[in-house]
Structure formats: structure tokens, C-alpha cells
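Below is one structure, written out as C-alpha cells, with a few remarks after it.
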There are 2 protein chains.
Amino acid sequence: MVRLTKKIEYALMALKYISDECDKIVTAKQISENLNIPNQLLAKILQKLKKEKILESVQGIKGGYKLGKKLNEISLSFLIETIEGDMGIVDCLKTDRQGECCQTDSCNIKDPINQVQTEIYKVLKNKMVSDFV
Amino acid sequence: MVRLTKKIEYALMALKYISDECDKIVTAKQISENLNIPNQLLAKILQKLKKEKILESVQGIKGGYKLGKKLNEISLSFLIETIEGDMGIVDCLKTDRQGECCQTDSCNIKDPINQVQTEIYKVLKNKMVSDFV
DNA sequence: TTAAAATACGACTTTTTAGGTCTTATTTTG
DNA sequence: CAAAATAAGACCTAAAAAGTCGTATTTTAA
């Protein structure tokens, strides 16, 4: 299965929402209510985006989030890695799982799978979040 | 997450194995033992491939499988659809799930997601199983 | 004609991942 | 200091992937 998770969808929706608000600071609550996204889940996604400087945050009662990068500087691949971590299309190509595969010896398709991964990755790398606006 | 399932991996491995045996008939057991794939699971994958004429089968004690199509006629996208069914990268783009999404009204990213899907699909459609040999 | 070995098929169980919640801290403003 | 926001981690639940079990059917050959 080739799919984007809800978290990625929510991140894209939120980024678009924040972008539409220009330089105003918006709260997680505001976003989740407007876009119909579970509040706490969104909060954690936004925190991950903040860690990678995709968003900037302000704490406290007047706090919230605003963009930390321009949308055309954020690739879909970077967004996915920020939220989901290392993105191998199969386990044995994930950097943190290498050597775990019990098929290593009998596997006859590793190189070509790698090629597919490279090509999909290229698509995701060339797709910018700004394309979603 | 963008990933291929084990089933797809197993299918690719099996197809390569069968292809390497030229026109000899090979049994599921033989494949699973040589490639270290759970027997029953492989058996069901092979049956799906058979239903789409990717493989031909012979029943009975001298039975087994052989190729029903040339590997360069089988695209990765067709293989995925054969094994996993309809492949939308997000639920709302799956043909059997349209209208189920509770975000329909607030969703602000449907069209661009559709574009990403189209591009990934293109990669998978242009990648033939023969590229895996 | 029956035993063995293969495919065929559906129900079931287990494991893993995704999705979502709860709780508690910390920060900031009025 | 109360209120409302971010911050963070543990936890729970639901869904999907991965794998198993049981049984029927087909075919060959002794």
C-alpha cells in the first residue's frame, strides 16, 4: 500500500490554514476547530513541525503558531520525515532497521526496490507544500 | 508513510523466482522454502496473482505455478492493485470510500493530494516487474 | 481406489502501526 | 494568581498487516 497518513494530511491542512492567516498567530485550538481535526493530535503534530523550524511558536495565553519557513521551502519529503521519521518504502531500507530482515540472504529484489524508492522519493522531494495552496 | 507491504515484496520475489525457473512448474512450497517466506501466506498471494492471470496454476500432485504474463507486461501498479485492491494514497481518494471522510467540508488540500497521487501512480505504472530481475 | 501432494479458499488469530486520549508541566498575560 | 496557551510523555483503542488453521478439491501414481 502506498499512502499518506492522517498526520501528514493534518499537517498539510494546518500549514495551509496558518499560511492563509498571513502573519497572525493562530492557536492549535483555532485550527483544530476550523478544520475538524482532533485537538491533542494536532497539537503534537504542530510541535514536531516546530522542532524542525517549519513553525515558530509562542507560549502563554496569547501564544500560538506562525510559519517558520516559507511553504515553497518545505518539500513533502521533508514534511513526511519530520512527522513520521525515516521513510523507507520497505523495512530493510530504513536506516534504523538495517540488518533486521530475515530475508537478507534470500532476497532477490533489494536493488530494484531501492530504485523504486528513489523515484518515489524524487516525486515527494519535488513537491513543495506551497503546491498545496 | 509511503511503503510497500510484505505481500508486495513476497510477490515480487516469487515472480522473480518463477521467472528464473523458465518454463518449469514450481510449487508454492519450493518458493517459500527457498525464499524464506511463510508458506500459507505465499500460497494466498499466488492465488491472487493467478486470478489476474499473472500466473497460471496446475492442481494436483504434480501441480504448481508458472508465469501467465511476461514480466515486462506487469506494472508495479497492477501488481499492487491485484494484491491490495484499490490504491488511494488517502482514504478519500479510494473509489470505495468516497464520501466517508468527515473532513470533506473543511478539507483544503484535496486537489493537490490528488496530484501527488497521480505522480506516484505514474512511477508505479512505469515500473515493470521485469525491472526487478 | 486410495494415499500423497499439490492448489483453493475462508475463517481466525496475532502483531504492529496508526490514531487518538489523558495527565501533568511550563509559559505568559492581564 | 487565574486563565489560556504550548510542551511532553504515557497511555489506550482501533484498524491494518502479517501470519495460521482447517478443510475441500484436484491430480497422479502405486
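In the text below, chain A, chain B and the rest are named by the order of the sequence lines, each starting its count at 1.
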List, with names and distances, any nitrogen or oxygen atoms from the protein found under 3.5 Å away from nitrogen or oxygen atoms belonging to nucleotides 4-8 of chain D.
unit_1: dT6(D); atom_1: OP1; unit_2: A28(A); atom_2: N; d: 2.9
unit_1: dT6(D); atom_1: O2; unit_2: Q59(A); atom_2: NE2; d: 3.2
unit_1: dA7(D); atom_1: OP1; unit_2: K50(A); atom_2: NZ; d: 3.1
unit_1: dA7(D); atom_1: OP1; unit_2: S57(A); atom_2: OG; d: 2.7
unit_1: dA7(D); atom_1: OP2; unit_2: Y65(A); atom_2: OH; d: 2.8

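N126(A) pairs by the side-chain contact (heavy atoms from CB on, under 4.5 Å) definition with K122(A), not counting sequence neighbours.
Without hydrogens or angle criteria, E119(B) side chain to V123(A) main chain gives no donor-acceptor distance under 3.5 Å. Put simply, the side chain of K48(A) never gets that close to the backbone of T82(A): no donor and acceptor are under 3.5 Å apart. D131(B) contributes no side-chain N or O that, together with a main-chain N or O of K127(B), makes up a donor-acceptor pair within less than 3.5 Å.
Whole-Å rounding puts the I83(B) CD1 to dA16(D) C1' distance at 16 Å. Here the P atom of nucleotide dA16(D) and the CD1 atom of I8(B) are 16 Å apart, to the nearest Å. When the C1' atom of dA6(C) is taken as reference, atom CG of L55(B) falls 15 Å away, rounded to whole Å. What separates CG of L41(B) from P of dG22(D) is a distance of 17 Å, to the nearest Å. Look at CG on N36(A): it is 10 Å from P on dG20(C), rounded to the nearest Å. Following rounding to the nearest Å, I25(B) (CD1) and dT28(D) (P) show an atom-to-atom distance of 10 Å. The CG-P distance, from L4(A) to dT17(C), rounds to 18 Å in whole Å. Rounding to whole angstrom units, CG of residue L42(B) and C1' of dA6(C) are separated by 14 Å.
No side-chain donor-acceptor contact under 3.5 Å links N108(A) and Y17(B).
In terms of hydrophobic clustering, with Ile, Leu, Val, Met, Phe, Trp and Tyr side chains grouped at heavy-atom distances under 4.5 Å, F78(A) and L46(A) are assigned to a common cluster.
Of the side-chain N and O atoms in Y10(A), one or more sit less than 4.0 angstrom from OP1 or OP2 of dG20(C).
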